[in-house]
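In the text below, chain A, chain B and the rest are named by the order of the sequence lines, each starting its count at 1.
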Protein chains: 2
Amino acid sequence: MKRENLVYSEEIKEILLKKGIAPSFQRIKIYEYLISHRVHPSAERVYIDLVGFIPTLSRTTVHSTLNLFADKGMARRLFIDGNLVRFDIDSSDHMHFKCTKCGEVYDILKSSPKVTSPEHKVLSGEMYLYGICKKCKEE
Amino acid sequence: MKRENLVYSEEIKEILLKKGIAPSFQRIKIYEYLISHRVHPSAERVYIDLVGFIPTLSRTTVHSTLNLFADKGMARRLFIDGNLVRFDIDSSDHMHFKCTKCGEVYDILKSSPKVTSPEHKVLSGEMYLYGICKKCKEE
DNA sequence: TCCATAATTTGTATTTATTACAATGTTGAA
DNA sequence: TTCAACATTGTAATAAATACAAATTATGGA
């Protein structure tokens, strides 16, 4: 393994430890995948792309790890698709846009509108946008 | 069947015909269910609640009818839950709030914020809010 | 170092939502 | 009335996610 990757892994180890998560090989690799593939992948996408590197990897591990990251506030679950959960390692305040032609999900780097309700206690919000992405427009 | 329901059905027939949808018994009943049960039900919820009245009803019919309504712009698909699609017969511009305690989904009668992007062509948007609902707060 | 225990991963089975599809039933126009 | 088009049904298939127990790995104390 290249030196950069080792350094990378060391940094990720500390991030996980700070969140109280034991930095296992699988968890480090999944975290590393998320920060280097910013396409809001589904669990299946993560599994398919990593099982080549980690032949013993199981889908269950991917699911439980992604859920662990989400529950610890290190990743966001996106429901922009319906019928499948996508994960975004960037938990900062921003919106998401899905191209209805190619299916790609992009970040929209604006903070989500703050909405309140006179009745309910609103704790968080998500804004999903739909349309045609830059690439598909140009074709 | 009571007279009111018959009148009701007549009105729904016309609504469906105007949208180019043949007003079959099942479609009328599903439409009627949606306008009288404003809880953003899933297909399964609609099926369970209607199969008592229509013993021959099948899940496939419910799914295809709800998808038909959505595709014709008569209903909205809500992805507020992840892993299951909810339907809202009110396709006017408003937001949705899900109580993370009881799971209920409420309407928030404000129009969704209009968001644009310098890159992509944004055609529509959905805002989902999460928190504790009025009922659960009071307990 | 060795062992016991806890934590993690794995693989299989199950659950749940949805769609595919063919067979059956219904309807409306010629 | 007849027939073709459309709608409904039921079964099977697909897909995402979870449950769970067995296997593996890591950890800390003697």
Q: Determine the interplanar angle of the B/Tyr31 and B/Phe69 rings, folded into 0 to 90°, and report it as parallel if under 30°, tilted if 30 to 60°, perpendicular if over 60°.
A: perpendicular
**Q.** B/Phe97 and B/Tyr106 aromatic ring geometry - parallel, tilted or perpendicular at 30°/60° bounds
**A.** tilted
(Q) Quick check on contacts: within residues 72-84 of chain A, what sits under 4.0 Å from DNA chain C by heavy-atom distance? (A) A/Asn83
Q | Those residues of residues 59-68 of chain B lying under 4.0 Å from DNA chain C by at least one heavy atom | A | B/Thr60, B/His63, B/Asn67
Examine distances only and state if a side-chain atom of [X] and a backbone atom of [Y] form a donor-acceptor pair shorter than 3.5 Å.
X: A/Lys72; Y: A/Ala70; value: no
X: A/Asp90; Y: A/Ser92; value: yes
X: A/Ser36; Y: A/Glu32; value: yes

Q | Nearest-nucleotide 5' precedence on DNA chain D, B/Gln26 against A/Pro23 | A | B/Gln26
Q: Could you pick out which residue, B/Ala22 or A/Phe87, lies toward the 5' side of DNA chain D when each is mapped onto its nearest nucleotide?
A: B/Ala22
Q: Quick one: which residue pairs count as a salt bridge (Lys or Arg N to Asp or Glu O under 4.0 Å) with a foot in residues 51-69 of chain B, not counting sequence neighbours?
A: B/Glu44-B/Arg59
Exercise: identify the closest heavy-atom pair between [X] and [Y]:
X: A/Val62; Y: A/Ala43; result: CG1-O, 3.5 Å
X: A/Arg77; Y: A/Glu126; result: O-OE2, 3.9 Å
X: B/Asp93; Y: B/Lys114; result: OD2-NZ, 3.2 Å

Verify same cluster id: [X], [Y] (apolar side-chain graph, 4.5 Å):
X: B/Ile28; Y: B/Leu17; answer: no
X: A/Leu78; Y: B/Val85; answer: yes
X: A/Leu84; Y: A/Phe87; answer: no

Q. From the 5' end of DNA chain D to its 3' end, which nucleotides mark the outer limits of contact with chain A, defined by a 4.0 Å heavy-atom distance cut-off (strictly under)?
A. D/dA16 to D/dC20
Taking distance alone, no hydrogens or angles, what donor-acceptor pairs closer than 3.5 Å link side-chain atoms of residues 128-139 of chain B to residues at least two apart or in another chain?
from, atom 1, to, atom 2, distance (Å)
B/Tyr128, OH, B/Phe79, N, 3.0
B/Tyr130, OH, B/Ile80, O, 3.0
B/Lys137, NZ, A/Glu119, O, 2.6

Q: For DNA chain C, note the earliest and the latest nucleotide, 5' to 3', having some atom under 4.0 Å of a heavy atom belonging to chain A.
A: C/dT8 to C/dT18
Q) Looking across every strand, which nucleic acid part, if any, lies under 4.0 Å from A/Ser42 by heavy atom: base, sugar-phosphate, or nothing? A) nothing
